[in-house]
Amino acid sequence: MADFQQNGIFATLHRLGQPDRPDLEAQMVALAPARPLGLILPVLASDLAAPAFPAMLEELAGAASLGEVVVSLGRAGKKDLALARRLASALPQPTLILHNQGRALQRLLDDLALAGLTVGQEGKGRAVWLALGLLLVRGQSRVAAVQDCDVVGYDRLSLARLAYPLLNPALGLAFAKGYYPRFTHRLFGRVTRLFVAPLLLALERLLGPLPLLAFLRAFRYPLAGEVALDLEAVAGWGFSADWGLEMATLAEAWRRLSPGQVCQVDLADSYEHKHQGLSQEDPHKGLLRMTTDITLCLLGQLALAGAQLSLGLARSLQAAYSGLAGEYQAAYAALAAINGLVYDWREENQAVQAFGHGLARGIEQFLSQGDAPKPLSPWRQVLAAVPDCPERLLQAVESDNP
């Protein structure tokens, strides 16, 4: 049974009953002329040929309220670019391929770095940041939605529910975060439920009730890739280039917006997409890399918020996380049992141990450098510092979309 409980910080928009997609989409078509919607699809070349992405594009073709689409293509060569063009040609909406490895785009990024701007390393964060910049300089959209591209059985109702709160001006919202349960015959979403959730609670117990921690803990799925943003507002935001993207974006929303401009939206009964491996042998890959990046980002954001983070607190944090992660495991074992789902204690323990290593690595890196990596330079700063950036960005994209 759906609930409608609120967290007391920002609005939670639940799914109550069976959603009426035709009615919601009709409302969005009426609202879109005043607040045009652009969609960002960050996709890796390795995901282009998987069944999920072409099926997603086929489903999006019916989104009549969608004004434009940017496919931000990463880790791709010329053949991958050609495949992306062919797949995207199925969309009736104006669609641009943003080739993250394109020569003209790389030259622009090099020049931005020479101008003292932070452009980061290749990754999902930079792919989203570049696409936001493209939407800004094109000036056709006022709202941007971001959706992951590996969702099995994608339904464009999730886009409608994600974007509607920002398209409706009567709601006064500038930021919407999607949430959903991840399960099939077993529970997924390990990093959210066995790392981020106990880590945030551990930090709150050690540091006290900081407003930023309360804000982050109020999100039901803080690592969800689905988000809708007011483009004018986010032009001044600094995004993360690595796996800290989602947490850094939430921290920016806390810092830049009032609670009344923020919401989270229930997108689906279940959301099934690609699962990352633990990669316990290689700290530069998989969930071990992800938890390290998240730790580094989170500690940096807390330092910016005024928290005092010492070596002693770091040691206490590792012990507090370990204990709380065990409590969360027990809770999820009970949840799986009552719903008849598989729950493998051995695998869950392996995940918690790997996450503990990621936490230790993130703490070590933070203490050695004193803060988190610099965020990507806000687009308002980029456009002010490099006047010809809009023209060059558009030319780079045009060269990839003949």
Side-chain angles (χ1 to χ4, degrees), residues 42-47 50 72-76 100-101 118-130 146 148-150 182 187-200 202-203 216 219 221-227 238-251 273-303 309 314 317-318 321-322 325 328 347-376:
V43 64
L44 297 175
S46 57
D47 291 326
S72 195
L73 177 62
R75 301 179 190 172
N100 289 201
Q101 284 71 47
T118 304
V119 299
Q121 301 296 316
E122 179 186 3
K124 180 184 176 183
R126 190 163 80 173
V128 171
W129 176 76
L130 286 169
V146 182
D148 287 335
C149 296
D150 55 356
R182 290 192 61 197
L187 299 171
F188 294 109
R190 290 174 293 177
V191 180
T192 290
R193 60 186 176 83
L194 294 179
F195 181 68
V196 172
L199 178 58
L200 289 175
L203 283 164
L216 295 176
F219 285 95
Y221 205 122
L223 297 186
E226 285 65 32
V227 65
F239 291 87
S240 174
D242 57 21
W243 286 110
L245 170 65
E246 282 79 18
M247 297 302 289
T249 303
L250 294 182
H273 55 80
K274 183 172 62 180
H275 308 289
Q276 296 282 347
L278 286 178
S279 188
Q280 293 173 284
E281 302 80 14
D282 188 346
H284 303 290
K285 295 180 180 179
L287 300 186
L288 183 54
R289 163 70 185 279
M290 184 185 297
T291 50
T292 301
D293 288 350
I294 290 170
T295 300
L296 194 54
C297 172
L298 183 55
L299 295 179
Q301 293 296 338
L302 286 168
L309 304 170
L317 178 58
Q318 293 180 64
Y321 163 73
S322 179
Y328 273 77
E347 288 186 4
E348 297 279 285
N349 284 330
Q350 287 178 342
V352 169
Q353 289 174 9
F355 298 163
H357 294 319
L359 175 61
R361 285 178 55 81
I363 290 173
E364 180 182 358
Q365 291 179 30
F366 176 80
L367 292 175
S368 65
Q369 61 195 43
D371 56 16
K374 287 185 178 180
L376 298 165

Open item on the list: Does D293 form a side chain to side chain contact (heavy atoms under 4.5 Å, CB included) with L245? I'd like the steps, not just the answer.
Closed with: CA-CA 9 Å; D293 288 350; L245 170 65; over 6 Å; no

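Among all heavy-atom pairs drawn from L199 and Y321, the shortest one is N-CD1, 4.0 Å. Contact between Y221 and T192 at its shortest, heavy atoms only, is CE2-OG1, 3.2 Å. The nearest pair of heavy atoms linking A127 to P42 is CB-CB, 4.5 Å. Across all non-hydrogen atoms, the minimal contact from G362 to L296 is O-CD1, 3.8 Å. Closest of all the heavy-atom pairs between L376 and G120 is CD2-N, 3.5 Å. Across every non-hydrogen atom of A303 and F366, the tightest pair is CB-CZ, 4.1 Å.
Taking 4.5 Å as the limit, some side-chain heavy atom of D242 sits within range of a side-chain heavy atom of R289. Side-chain contact between K124 and D148 is present, with heavy atoms from C-beta onward closer than 4.5 Å. The shortest side-chain heavy-atom distance between L359 and F195 falls under the 4.5 Å cut-off. Annotation: side chain of V227 is not in contact with side chain of V128 (no heavy-atom distance under 4.5 Å). Proximity of H357 to T292: side-chain heavy atoms (C-beta onward) are nowhere separated by under 4.5 Å. Looking only at side-chain heavy atoms (C-beta outward), L223 and W243 stay at 4.5 Å or farther from each other. Looking at L200 and L298, their side chains come closer than 4.5 Å, going by heavy atoms from C-beta outward. In this structure, the side chains of T295 and R361 stay at 4.5 Å or more apart for every pair of heavy atoms.
A distance of 6.5 Å separates CG of L203 from CG of L299, quoted to the nearest 0.5 Å. Between the CZ atom in R190 and the CD atom in Q350 there is a gap of 9.5 Å [rounded to 0.5 Å]. Put simply, CD1 on I363 and OG on S368 are 12.0 Å apart, with the number rounded to the nearest 0.5 Å. Distance check: Y328 OH to E348 CD gives 14.0 Å after rounding to the nearest 0.5 Å.
The backbone N or O of N100 sits nowhere less than 3.5 Å from a side-chain atom of E122 that would complete a donor-acceptor pair. Remark: side-chain polar atoms of E246 are not paired, donor with acceptor, to backbone N or O of P222 under 3.5 angstrom. Looking only at distances, no side-chain donor or acceptor of S322 sits under 3.5 Å from a matching main-chain atom of Q318.
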